[in-house]
Amino acid sequence: MFKKFALVGLFSAITAVSSGAQLSSVGYDVDLKQGIARLDLGGGALDLGLGFLLDGRGKTDRGAKNNNFAFSVSGFYLHPLGESDKLAMKLAAGGIFNFPQNDDADKSLAAFVGLQPEITLLEKLIVTTRFGIKADIVPDFIMQSSGQGIGITGGASFRIKTN
């Protein structure tokens, strides 16, 4: 089942890119610990994220060193709700997939719906945060409020415009 969700997400991203989506910005999502790319789709946008973790501190049962590797993928469709010169409000809906390579760890799938305000600080620097409802679907169903803290050293994500 999990592989089907991954294939649907990959197919959606390929379809968006092939349908004339334009890369408008790149950045880093602090909450998800992922590099992100924004593709403009005309009326809306698509934020695609990719992150990884390599932990060389892992040990096997026999004490041998085991490098644990995991990666995560996310995709959010953004629908504009309002925009001014420096502030934009978007409705965000999407999913987050986590794929640990360790067989003992659970793979996870979560869905998110909420708001994503964005502030343009400089001509090409955009700071954003996300808050709303997150539902963990796999391995166990959990629904909760979700949001990023906003702080000087971390919490808000950033993007840099490419055009």
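Counting from 1, the numbers follow the sequence of the chain as shown.
Atom CG of Leu81 and atom CD of Gln116 lie 11.0 Å apart (nearest 0.5 Å). Between the CG atom of Leu41 and the CG atom of Leu78 there is a distance of 9.0 Å, given to the nearest 0.5 Å. One distance of note links CZ of Phe112 with CG of Asp136; it measures 12.5 Å at 0.5 Å rounding.
For Ser74, the side chain to side chain contact (heavy atoms under 4.5 Å, CB included) partners two or more places apart in sequence, or in a different chain, are Leu32, Gln34, Phe76, Ile96. In this structure Ile133 satisfies the side chain to side chain contact (heavy atoms under 4.5 Å, CB included) test together with Met143, sequence neighbours excluded. By the side chain to side chain contact (heavy atoms under 4.5 Å, CB included) test, Ile126 pairs with Glu118, Thr120, Arg159, Lys161, sequence neighbours left out. Taking the side chain to side chain contact (heavy atoms under 4.5 Å, CB included) definition, one finds that Leu122 meets it with Leu125, sequence neighbours left out.
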Show me the side-chain donor-acceptor pairs of residues 44-52 shorter than 3.5 Å, one per line, residues at least two apart or across chains.
unit_1: Asp47; atom_1: OD1; unit_2: Arg38; atom_2: NE; d: 2.6
unit_1: Asp47; atom_1: OD1; unit_2: Arg38; atom_2: NH2; d: 3.3
unit_1: Asp47; atom_1: OD2; unit_2: Arg38; atom_2: NH2; d: 2.9

- Task: Using the side-chain contact (heavy atoms from CB on, under 4.5 Å) rule, take Leu23 and Leu39 through it: C-alpha gap first, then chi angles, then the decisive distance, then the call.
- Result: CA-CA 5 Å; Leu23 178 68; Leu39 302 173; 4.1 Å; yes
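Closest approach of Gly114 and Leu91 over heavy atoms only: O-CD1, 3.3 Å. When all heavy atoms of Thr128 and Pro117 are compared, the pair lying nearest together is OG1-O, 3.0 Å.
Sorted by first and then second residue, the salt bridge (charged side-chain N to carboxylate O under 4.0 Å, His left out) pairs with a member in residues 72-90 form an empty list; sequence neighbours excluded.
In the hydrophobic clustering of ILVMFWY residues, with side-chain heavy atoms under 4.5 Å counting as a link, Phe141 and Val113 come out apart. Under a hydrophobic clustering in which Ile, Leu, Val, Met, Phe, Trp and Tyr are joined whenever their side-chain heavy atoms come within less than 4.5 Å, directly or via other members, Leu87 and Leu121 fall into the same cluster.
For the pair Phe131/Ser145, no side-chain contact is recorded, criterion being any heavy-atom separation below 4.5 Å from C-beta on.
Ile36 forms part of no hydrophobic cluster, judged by ILVMFWY side-chain heavy-atom separations under 4.5 Å.
No more than 12 heavy atoms of other residues, nucleotides or ligands lie within 6.0 Å of NZ in Lys33, so this atom counts as exposed by the packing criterion.
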